[in-house]
Number of protein chains: 2
Amino acid sequence: MSNSPTDPGSARGGRPTSSDVAQRAGVSRTAVSFAYNDPAKISTATRDRIMAAADELGYTPDPLARMLKHRKTGTLGLLLPQDIAQVMQNPYYAQFITGIGHVCEREGMTLLLCPPLRNSMLKAIPYAAVDGFIVTGLEADRGEVAELRRRKIPFVLVDSEPVTDVPSVEADDDKGGYDLVRHILELGHTRIAFLIFESGPDQPNLGYRGPLKRRFAGAERALAEQDLSLTSAGVVTVEAPCTRSGGYTATLDLMAGQAPPTAIVAFSDIMAVGALDALKSLNLPVPAAVSVVGYDDQPEAEWTQPRLTTIRQPIEAKGRLAGDFLVAAIRGESQHPRQLLHGALVVRDSSGQAPPT
Amino acid sequence: MSNSPTDPGSARGGRPTSSDVAQRAGVSRTAVSFAYNDPAKISTATRDRIMAAADELGYTPDPLARMLKHRKTGTLGLLLPQDIAQVMQNPYYAQFITGIGHVCEREGMTLLLCPPLRNSMLKAIPYAAVDGFIVTGLEADRGEVAELRRRKIPFVLVDSEPVTDVPSVEADDDKGGYDLVRHILELGHTRIAFLIFESGPDQPNLGYRGPLKRRFAGAERALAEQDLSLTSAGVVTVEAPCTRSGGYTATLDLMAGQAPPTAIVAFSDIMAVGALDALKSLNLPVPAAVSVVGYDDQPEAEWTQPRLTTIRQPIEAKGRLAGDFLVAAIRGESQHPRQLLHGALVVRDSSGQAPPT
DNA sequence: TCCGATTACTAACACGAGTAAGTACGAGGA
DNA sequence: TCCTCGTACTTACTCGTGTTAGTAATCGGA
């Protein structure tokens, strides 16, 4: 109303600043800052006057400016390998984020979901205002690690290949793969199909990254004990999208083949559920005709008919540890810890003795 | 190495700034900025020199400083009513965030999860560096709306009571409640139990907020058509935590009562699943002895045995619309749209004719 | 040879705050 | 009266960047 258009500090359409409040209360901008951050440094009378002025103008300190000054954002960044929509459809991530959430609650921090920018995780890094990153589903090339190092931003790797001097959280996927396949072999199966997620090079067990690679390594160890390998007759590997329908379609294809498997090892519960769907539609009893096992022990595993044998993985603990490590790294307390989490075979009803030949 | 300790611009432990790069390349700081943001304004030769210097020093523009200058963060804020860990355990939110995720992808934005700070959504607002908020699960008192208005931050309300001049997305929970109960009544049920989430005042249908309140209103309309009400004999309302075990325990209690219900109306699928568990453990066939219906049509609803009758709610669309509205509001294009989304009754196998008395 | 016009760059201000160092003032002690 | 000393406040610098306005050098044209 009384603002001349050239008046610089006044609310010219935008939000009021501390200068506006200072002017209105007849004090310096510093006094306004003190009123908010260090009330002891100012008389209660002027403090009240300042607060009243702030209230009338609708002033509120700008979070960005504070962050810039303090060099602290109060947010953890979660660097994702896929778009948010894809990630959230995967129950794995819901559990993982739950774990991080516990840390956020304890520390009073927020969580920023950072999907790739123009299909690149690397490009997403420079645009995130965070105190540090939790990096998950890292691509093989590792440009991201170099970039994060360049930037001197604290970060934690999850389910990635080990990198020196970087805190990391891993699961014993090798042992998981081993336990799962050994369980199947002990039941007498010899015609085994591996149902795996994501696309990779066409040579199995070569070029797979992260957890998948390690699960395969464990599987191969178990197979070797029975003088089998991933390339033995009867052992096949099929790739499909990590969805229920992906597992469904792949299983239909498998069972239509020459010598269909008697055991399907899915490296994801959700794909295993799809496999169960397919076998049901083919009227093949599980586990009498075909055994099915999954991985992760997500809640679905207990609801299927029959209930799913799987590897329980402490996903939530993984998130929590990653959060703890990151917070420690941000505080500079980090000793570059590396934690290996253990899974366990959960035998339910979907795996049984191989049918007589 | 060659930095004197009083040298102000040099990397004194921290990250290098554009001044450092400028000094190293023998140009002004402005030139460095141009090299990154407007290469046309600078000769290619010096641009290369600047980039080389930046590379050697490991320089990278500070996202916070950019945001402050541009008055734009490139992130949407999701203001949550509970801690991240609690929210992520609820499949509802996973779907909702999926919807927002589509918008984030299209706009190239990130998503900030803002849980309450010291049990207060209101206190979380000032600490978030976002371009706008999606507000969900708002408490009844509405302090948050006033605060967001004060701050002049764009925001969108989801599943809240209507507020004038604020974009909002709602579902027709009233119709959902009506359809669900009408379905049950048409099957001849008269002894009905409502299984609802969260704690409220002890008088049912009074003081409930948001969606729950509207679902009850719809339910009451349907009941009235049969000359029944929420306080009729045979109609009970039970509150329990919104979890599988919450539904389980509550149902056990219900069935142990004098005149146990023949229909259980859960206002959440996950509680309905718990109810099914309980009935199974009591050897009560569903729907022959007791019908069970849920709400939301989450993926679980199709996996249960029997498959669950429920109200399909377009949760993902809700998130997507909220995102769209928020982006429009941030751009200043907003006409304060209000969208009402429609659900639909999905009849599966868990609801059937009431047993003969 | 002198005049615009273009190119290539810089100085100076802005974004919105926090904070060390400095100043004016009144009270209290010698 | 003079000299502390504490209180209450301000001046001036800082965080790291974007960008307008302005200047020195170069070029083409007459």
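Here is the naming used below: chain letters follow the sequence lines, and residue numbers restart at 1 for every chain. What you see below is based on every heavy atom in this structure, not just the backbone, and it leaves out hydrogens, waters and symmetry mates.
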Describe the nucleic acid contact of [X] in one word from base, sugar-phosphate, nothing, applying a heavy-atom distance below 4.0 Å.
X: A:Arg71; value: sugar-phosphate
X: B:Tyr59; value: sugar-phosphate
X: B:Asn37; value: sugar-phosphate
X: A:Val32; value: nothing
X: B:Ser33; value: base
X: B:Thr44; value: nothing

Stepwise side-chain hydrogen bond (donor to acceptor under 3.5 Å, both in side chains) check, A:Thr46 with A:Ser43: CA-CA 6 Å; A:Thr46 43; A:Ser43 79; 2.8 Å; yes
Round to a whole Å and report the spacing from [atom1] of [X] to [atom2] of [N].
X: A:Leu64; N: D:dG18; atom1: CG; atom2: P; answer: 14 Å
X: B:Arg15; N: D:dC15; atom1: CZ; atom2: P; answer: 13 Å
X: B:His70; N: D:dT19; atom1: NE2; atom2: P; answer: 4 Å
X: B:Asp62; N: C:dG16; atom1: CG; atom2: P; answer: 17 Å
X: A:Arg151; N: D:dG16; atom1: CZ; atom2: P; answer: 14 Å
X: B:Lys41; N: C:dA11; atom1: NZ; atom2: P; answer: 17 Å
X: B:Lys72; N: D:dG18; atom1: NZ; atom2: C1'; answer: 16 Å
X: A:Leu57; N: C:dG16; atom1: CG; atom2: C1'; answer: 15 Å

Residue whose closest nucleotide on DNA chain D lies nearer the 5' end, A:Thr46 versus A:Leu68: A:Thr46
I'd like to know if the side chain of B:Asp131 and the backbone of B:Gly74 have a donor-acceptor N/O pair within less than 3.5 Å. yes
[N] phosphate, OP1 or OP2, under 4.0 Å from [X] side-chain N/O:
X: A:Arg66; N: C:dG16; answer: no
X: B:Ser18; N: D:dT17; answer: yes
X: A:Thr17; N: C:dC15; answer: no

Report yes if a donor N or O on one partner sits less than 3.5 Å from an acceptor N or O on the other, where the partners are the side chain of [X] and the base of [N]; otherwise report no.
X: B:Arg29; N: D:dT17; result: yes
X: A:Lys69; N: D:dT14; result: yes
X: A:Thr30; N: D:dT11; result: yes

Which atom pair, heavy atoms only, marks the closest approach of B:Met67 to B:Thr73? CE-O, 3.4 Å
Look at the side chain of A:Ala65 and decide which nucleotide, out of D:dT11, C:dA20, C:dA17, has an atom nearest to it. C:dA17
Which one of B:Ile330, B:Val130, B:Leu112 satisfies the side-chain contact (heavy atoms from CB on, under 4.5 Å) criterion with B:Leu76? B:Ile330
Check whether the ring centres of B:Tyr36 and B:Tyr59 lie less than 6.0 Å apart, and answer yes or no. yes
Look at the rings of A:Tyr92 and A:Phe96 and say which category their plane angle falls in: under 30° parallel, 30 to 60° tilted, over 60° perpendicular. parallel
